[in-house]
Amino acid sequence: MIEVIRTIGDAGRRMADFRRKALSIGLVPTMGALHDGHLSLIGRARADNDRVVVSIFVNPTQYDDPEDLERYPRTLAADLEKAEAAGADLVIHPAPEDIYHDGYRFRVTESAFSRELEGAHRKGHFDGVLTVVLKLLNIVRADRAYFGEKDWQQLLLVRDMAAAFFVATEIVACPIVREADGLAMSSRNVHLAPEERVLAPEFHRILQTGASTEDMHRQLVEAGFGVDYVAKRGDRILGAVRLGKVRLIDNVQH
Ligand code: PAF
């Protein structure tokens with residue numbers, strides 16, 4: 001059975017032990033409910049490093065909606081098996097009181113890009129994400145940390161934060177993993193009702209049409225999605241839609 005470390009103190013000691021032995025460390029931060037997207041990050045970390053550490057922590061501060069936080073699937077036993085099979089060496093699974101021993105008095109705030117897109121629809125979301133990621137980077141002090149391109153805005157903000165605070169860990173971007181029908185893998189997909197699951201791949205299909213963002217927005221509404229945004233940023237088209245109670249995000253290169 002894979003080793004599970006539950007306190008920040010023990011995690012710090014274990015990581016120091018790896019560093020003393022000159023073993024390189026790859027960190028894959030997750031909130032659990034592991035799917036093939038996460039497993040691809042673990043696989044990449046396995047290929048690049050001597051030791052692979054997965055954190056599983058459902059981070060309360062990145063949720064503005066308590067119902068959404070409550071609904072996040074907690075599947076620790078299955079996650080441990082999947083992480084081990086994908087090549088992880090250990091899992092860090094800390095308690096919220098340990099991560100937020102300061103009562104979230106100190107937090108990281110980005111004052112520009114984090115206010116757009118996801119940030120405009122989820123108040124305080126990126127403060128919570130950036131704060132927990134900085135804490136995890138400081139606890140593990142990995143050589144590399146792996147983030148999926150599905151959360152494109154998160155990836156850019158984490159990368160910029162790491163540069164802003166001179167974090168030594170390299171931030172590695174990994175491609176989106178999709179179901180055979182194009183739906184981006186996400187822990188939220190399990191909540192889609194059967195008819196919503198049938199409709200969900202239309203989201204990715206429409207984002208790829210090369211139409212204007214206004215036209216894609218219209219097509220998505222006509223297909224039956226609630227649309228939070230469709231927007232171009234750099235070489236990406238990013239979107240967020242709602243199907244019933246499930247919110248999906250995705251992005252494609254254009
Ligand atoms: O992408 C996620 O799963 C989370 O936002 C992260 C990076 C693990 C921080 O809680």
Side-chain angles (χ1 to χ4, degrees), residues 5 8 11 26-42 44-45 52-66 68-76 78-79 82-83 86 88 90-100 104 107-110 113-114 117-119 121-140 142 144-162 165 167 169-177 184-191 238 240 246-251:
I5 295 184
I8 308 301
L27 169 66
V28 181
T30 81
M31 299 206 298
L34 301 185
H35 51 67
D36 285 356
H38 297 114
L39 303 185
S40 77
L41 304 181
I42 297 173
R44 173 73 194 276
V52 176
V53 176
V54 174
S55 62
I56 297 182
F57 179 67
V58 182
N59 177 33
T61 62
Q62 68 190 72
Y63 284 89
D64 59 344
D65 174 1
D68 204 15
L69 170 62
E70 193 53 45
R71 248 199 325 266
Y72 193 88
R74 272 92 168 161
T75 55
L76 185 63
D79 289 345
K82 288 181 191 175
L90 68 86
V91 167
I92 299 178
H93 181 53
E97 313 78 69
D98 209 2
I99 290 280
Y100 291 108
Y104 198 37
R107 62 188 73 178
V108 180
T109 298
E110 193 273 357
F113 189 39
S114 68
L117 306 173
E118 284 304 285
H121 288 270
R122 304 179 67 189
K123 200 171 171 303
H125 172 66
F126 285 119
D127 284 12
V129 169
L130 294 175
T131 302
V132 82
V133 169
L134 186 60
K135 284 173 186 265
L136 292 167
L137 291 172
N138 280 334
I139 293 162
V140 176
R144 299 171 196 86
Y146 296 82
F147 293 84
E149 289 184 349
K150 182 169 92 51
D151 295 291
W152 183 256
Q153 193 179 5
Q154 166 176 287
L155 168 66
L156 296 196
L157 286 165
V158 165
R159 203 157 59 189
D160 289 355
M161 173 189 70
F165 290 107
V167 172
T169 305
E170 180 193 346
I171 305 301
V172 181
C174 299
I176 300 176
V177 178
M185 295 213 179
S186 163
S187 311
R188 292 165 187 260
N189 294 352
V190 297
H191 295 306
L238 303 102
V246 183
R247 192 165 178 280
L248 303 172
I249 63 170
D250 202 345
N251 66 86

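Please read these numbers as outputs of a predicted model, since none were measured by experiment. Start at 1 and go down the list; that is how both ligands and their atoms are numbered.
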### Task
Decide, yes or no, whether a salt bridge links K135 with D98 under the criterion of side-chain N to carboxylate O below 4.0 Å.
no
### Query
Charged N to carboxylate O below 4.0 Å: is that the case for K82 and D79?
no
Using atom types as modelled and distance alone, determine if a side-chain donor or acceptor of [X] lies under 3.5 Å from a backbone N or O of [Y].
X: T131; Y: G128; answer: no
X: Y72; Y: G32; answer: yes
X: Q62; Y: R122; answer: no

For [X], take its heavy atoms, then give the atoms of ligand 1 lying under 4.0 Å from any of them.
X: Q154; value: 1 (O), 2 (C), 4 (C), 5 (O), 7 (C)
X: Q62; value: 4 (C), 5 (O), 9 (C), 10 (O)
X: V132; value: 9 (C), 10 (O)

### Query
With backbone taken as N, CA, C and O and side chain as the heavy atoms from C-beta onward, which portion of V158 lies under 4.0 Å from ligand 1: side chain, backbone, both, or neither?
neither
### Query
Is any N or O atom of N59, backbone or side chain, closer than 3.5 Å to an N or O atom of ligand 1?
no
### Query
Any N/O of T30 closer than 3.5 Å to an N/O of ligand 1?
no
#### Entry: Inter-residue atom distance F165.CZ - D160.CG, 0.5 Å rounding
11.5 Å
### Message
Starting from atom 3 (O) of ligand 1, what is the nearest protein heavy atom, named by residue and atom, and what distance separates them?
### Response
M31 CG, 3.8 Å
